[in-house]
Q: 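Can you read through this structure? Questions will come right after.
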Amino acid sequence: MLDIKFITENQDLVREGLKKKGFEKKVNLDELISLHSEITKLITSTQSKKEEKNRLSNSIKSASNEERPQIIEKSKKIGEELKAEEEKLSELQKKFDSELARMPNMPAPDAPVGVDDSGNKVIRKIGEPTKFAFEPLDHIALMEKNNWGEMERIAGVCGSRTYAIKNDLAKLELAIHMMVLDKLSENGFNIINVPSIAKERPLYNMGYLPFASDEIYYMPADELYLSGTAELVLNSLHMDEILNENDLPILYAGFSPCFRREAGAAGKDTRGLVRVHQFMKTEQFVICKNDIKESEAWHQKLLAISEEILKDLEVPYQVLEVCTGDMGAPKYRQYDLEAWVPSQGVYRETHSASNITEWQARRTNLRYRDNQDGKVKFAHTLNNTGIATPRALVPFIENHQQADGTVKIPAKLQPYMGGKKFIGGKI
RNA sequence: GGAGAGAUGGCUGAGUGGUUUAAAGCAGCGGUCUUGAAAACCGUCGUGGGUGCGAGCCCACCGUGAGUUCGAAUCUCACUCUCUCCGCCA
């Protein structure tokens with residue numbers, strides 16, 4: 001959410017930001033501003049009526065018996081006027097709130113400008129696309145060869161875009177999460193395993209609602225939602241709190257099962273482990289001071305951690321800075337990591353690191369008291385993937401496959417796999 | 001699923017329709033005293049909003065949302081959450 005004061009005082013800047021993000025037709029800035037001034041006038045009027053009413057009510061006890069009925073009559077009359085005004089006010093307020101909730105965050109001034117993913121900028125490539133001295137298999141064939149999956153059967157039981165993995169691949173999935181959690185723990189993150197079910201408010205707080213409502217599973221019998229990321233819960237963990245500046249930064253490594261409807265992805269990646277409805281994710285989440293230098297520094301730190309994770313996994317990857325039209329509504333700046341997938345001959349997204357600045361904190365009402373000036377301020381929040389599986393298993397097993405169908409385990413991961421240097425091979 | 005109790009500021013906790021402008025204490029912050037500190041004493045101390053150049057004045061908020069009333073922390077209803085007990089259960 002943006003500050004309405006910021007919007008009214010920086011209309012040109014906001015208009016430019018909306019255009020860059022591709023939102024100029026999705027929100028009505030002029031209506032928002034005129035609603036706000038109408039609301040302000042109405043608030044002033046209702047408040048003076050309340051003031052008058054309070055005065056009359058307070059005078060009743062000391063009033064004489066003759067005066068009393070007149071005062072009550074007068075107060076009733078003001079009360080009726082007040083009620084009419086308040087009804088109108090709450091109607092306008094509702095409209096205003098839903099319009100303001102649709103306003104995206106302003107992108108970083110130096111973020112690459114573009115309309116879709118074609119505008120994303122490759123910042124660097126680490127490692128070379130893997131070369132094979134044999135004909136490499138895709139991850140599905142590798143799973144079949146090693147008795148690592150139950151992909152056909154599970155679709156019949158659980159529907160499309162689900163997965164079941166077996167044996168060493170199943171262990172590998174958990175081992176990678178353990179490795180990542182250890183790394184985050186070493187970097188000062190609090191490990192926290194969080195629920196995958198949530199109430200509506202956290203979805204609004206994060207910006208899932210109203211922006212990505214198609215993406216979310218909803219359980220009407222209980223009025224609960226399935227979470228698509230631990231970010232959802234972590235962002236709301238401290239909602240409505242006023243933290244002490246000394247408590248910041250707060251670092252969370254949140255692990256959770258994640259659920260996504262993939263409604264907009266019909267026909268894409270229907271086979272295999274790349275895009276499934278339920279997966280596991282370890283998420284990095286940071287709450288820091290309202291200081292753009294500090295949150296930008298944390299953004300770089302989060303990016304560096306996830307790069308280190310891909311390096312430890314010995315998977316070739318590239319770093320993208322995502323352009324204004326491709327980053328989501330909440331974001332100020334976004335980097336994606338994409339790992340090399342040999343069978344597809346392309347880099348595929350494994351990580352997404354975002355600086356949200358205060359946009360989420362405003363929705364979440366997540367604040368802290370500044371030590372310097374004693375003022376209450378909205379925090380900055382950032383998030384980044386730690387690792388998401390099974391998606392990350394795709395580049396992992398494809399890049400590390402050997403001629404005999406076994407898969408090499410990199411040195412950093414071996415302690416989490418019982419010291420094994422290879423998995424698979426014999427069935 | 002059944003029965004009961006409860007939710008008041010950073011914390012503890014008083015308050016059952018109008019001197020409550022939410023008492024009091026603790027913690028915090030500023031000061032006096034002191035070589036310094038502690039103690040003691042004095043002062044200050046919630047959030048959001050409206051209005052004003054400003055000191056200020058005003059409005060709302062006692063878990064959330066409605067309602068009754070001239071007037072609600074207090075009465076009514078619904079909901080949320082917490083705790084205790086029973087039942088079921090990985």
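We name chains A, B, ... by the order of the sequence lines, and we start the count at 1 in each one.
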Q: Partner of B/C85 by Watson-Crick or G-U wobble geometry, both contacts under 3.5 Å, or none?
A: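 Per the H-bond distance test, B/G2.
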
Q: Starting the side chain at C-beta, find the nucleotide from B/G48, B/U51, B/C59 nearest to A/Thr44.
A: B/U51

Q: Between A/Lys83 and A/Ser75, which has a closest nucleotide on RNA chain B that is more 5'?
A: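 By nearest-heavy-atom nucleotide position, the 5'-most residue is A/Lys83.
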
Q: Can you check whether A/Tyr416 reaches A/Ile409 side chain to side chain, under 4.5 Å on heavy atoms?
A: no

Q: What contact category does A/Arg369 fall into here, base, sugar-phosphate, or nothing, at under 4.0 angstrom with non-hydrogen atoms?
A: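 Sugar-phosphate only.
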
Q: Less than 4.0 angstrom between a side-chain N/O of A/Lys199 and OP1 or OP2 of B/C81, yes or no?
A: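 Yes, within the criterion.
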
Q: For the C1' atoms, the ones on B/U21 and on B/A27, what distance do you get once it is rounded to whole angstrom?
A: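 Between the two C1' atoms, the distance is 24 Å.
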
Q: Could you measure between the two P atoms, the one in B/G28 and the one in B/C11, and give it in whole Å?
A: 15 Å

Q: How would you label the contact of A/Ile71 with the nucleic acid (heavy atoms, under 4.0 Å): base, sugar-phosphate, or nothing?
A: nothing

Q: For A/Lys5 and B/G50, give me the distance from atom NZ to atom C1', rounded to whole Å.
A: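 That distance rounds to 10 Å.
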
Q: Whole-Å distance between B/A72 P and A/Lys50 NZ?
A: 11 Å

Q: At under 4.0 Å between heavy atoms, what does A/Arg68 touch on the DNA or RNA strands: base, sugar-phosphate, or nothing?
A: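 Result for A/Arg68 = nothing.
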
Q: Does NZ or CZ of A/Arg363 fall inside the cone over A/Trp359's six-membered ring, less than 6.0 Å from its centre and within 45° of the axis?
A: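 The answer is yes; both the distance and angle limits are met.
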
Q: Give A/Ser59 one of three labels, base, sugar-phosphate or nothing, depending on what nucleic acid heavy atoms sit under 4.0 Å from its own.
A: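 Result for A/Ser59 = nothing.
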
Q: One thing to verify: whether A/Asp30 and A/Arg15 come together as a salt bridge, which I'm taking to mean a side-chain N less than 4.0 angstrom from a carboxylate O.
A: yes

Q: With salt bridge (Lys or Arg N to Asp or Glu O under 4.0 Å) as the test, would you mind laying out the steps for A/Lys20 and A/Glu16 before giving the verdict?
A: CA-CA 6 Å; A/Lys20 281 183 177 176; A/Glu16 191 196 330; 3.7 Å; yes

Q: Phosphate oxygens OP1/OP2 of B/C59: is one of them under 4.0 Å from a side-chain N or O of A/Asn54?
A: yes

Q: Is there a side-chain contact between A/Asp269 and A/Glu262, using heavy atoms and a 4.5 Å cut-off?
A: no

Q: May I have the distance from A/Glu241 (atom CD) to B/G46 (atom C1'), rounded to whole angstrom?
A: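 That distance rounds to 15 Å.
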
Q: Any base atoms under 4.0 Å from A/Lys74, or only sugar-phosphate, or nothing? Heavy atoms, all strands.
A: nothing

Q: Using atom CD1 of A/Ile242 as one end and atom P of B/G28 as the other, report the distance to the nearest whole Å.
A: 19 Å

Q: Give none if B/C57 has no partner; otherwise give the nucleotide forming a Watson-Crick or G-U wobble pair with it, both distances under 3.5 Å.
A: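 Across any shown strand, B/C57 pairs with B/G50.
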
Q: Tell me which one of A/Asn290, A/Asn105, A/Thr381 satisfies side chain to side chain donor-acceptor pair (under 3.5 Å) with A/Glu358.
A: A/Asn290

Q: For the residue pair A/Tyr217 and A/His277, does the interplanar ring angle fall in the parallel (under 30°), tilted (30 to 60°) or perpendicular (over 60°) class?
A: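 Judged by the thresholds at 30° and 60°, the geometry between A/Tyr217 and A/His277 is perpendicular.
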
Q: Let's test this: given Watson-Crick or G-U wobble pairing with both distances under 3.5 Å, identify the partner of B/U32.
A: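 Across all strands, the one nucleotide that pairs with B/U32 is B/A40.
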
Q: Within the 4.0 Å heavy-atom criterion, would you say A/Ser57 contacts the bases, only the backbone, or no part of the nucleic acid?
A: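 The residue A/Ser57 makes base contact.
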
Q: Name the orientation class of the two ring planes belonging to A/Phe211 and A/Phe23 (parallel below 30°, tilted from 30 to 60°, perpendicular beyond 60°).
A: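 If you compare the ring of A/Phe211 with that of A/Phe23, the planes turn out perpendicular.
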
Q: What does B/C26 pair with, Watson-Crick or G-U, if both distances are under 3.5 Å?
A: B/G10

Q: When rounded to the nearest Å, what value does the distance between P atoms of B/G87 and B/U74 take?
A: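 One P to the other, the span is 37 Å.
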
Q: Find the distance A/Leu224:CG to B/U80:C1' and express it as a whole number of Å.
A: 12 Å

Q: Please report, rounded to the nearest Å, how far the C1' atom of B/U80 is from the CG atom of A/Asp222.
A: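 After rounding, the reported distance stands at 14 Å.
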
Q: Taking B/G30 as the reference, what is the distance to B/G71 when you measure between their C1' atoms (whole Å, please)?
A: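 B/G71 and B/G30 have their C1' atoms separated by 39 Å.
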
Q: For atom C1', what is the distance between B/A23 and B/C81, given to the nearest Å?
A: 28 Å

Q: Could you pick out which residue, A/Arg367 or A/Ser48, lies toward the 5' side of RNA chain B when each is mapped onto its nearest nucleotide?
A: A/Arg367

Q: Rounded to the nearest angstrom, tell me the gap between atom CG in A/Asn365 and atom P in B/U47.
A: 12 Å

Q: Rounding to a whole Å, what distance do you find between A/Lys49:NZ and B/C70:P?
A: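 One finds 19 Å between P of B/C70 and NZ of A/Lys49, rounded.
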
Q: Measuring only the P atom in each nucleotide, how far is B/C45 from B/A55? A whole number of Å is fine.
A: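 To the nearest whole Å, 15 Å.
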
Q: Rounded to whole angstrom, note down the C1' distance from B/G9 over to B/U20.
A: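 Between the two C1' atoms, the distance is 15 Å.
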
Q: Output the single nucleotide from B/G49, B/U51, B/U80 whose closest atom is nearest the side chain of A/Ile43.
A: B/G49

Q: Expressed in whole Å, how much space separates the C1' atoms belonging to B/G13 and B/U8?
A: 9 Å

Q: Name the nucleic acid region contacted by A/Asn58, choosing base, sugar-phosphate or nothing; use a 4.0 angstrom heavy-atom cut-off, strictly under.
A: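 No contact.
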
Q: Any strand counts, and the cut-off is 3.5 Å on both contacts for Watson-Crick or G-U wobble. Which nucleotide pairs with B/U21?
A: none

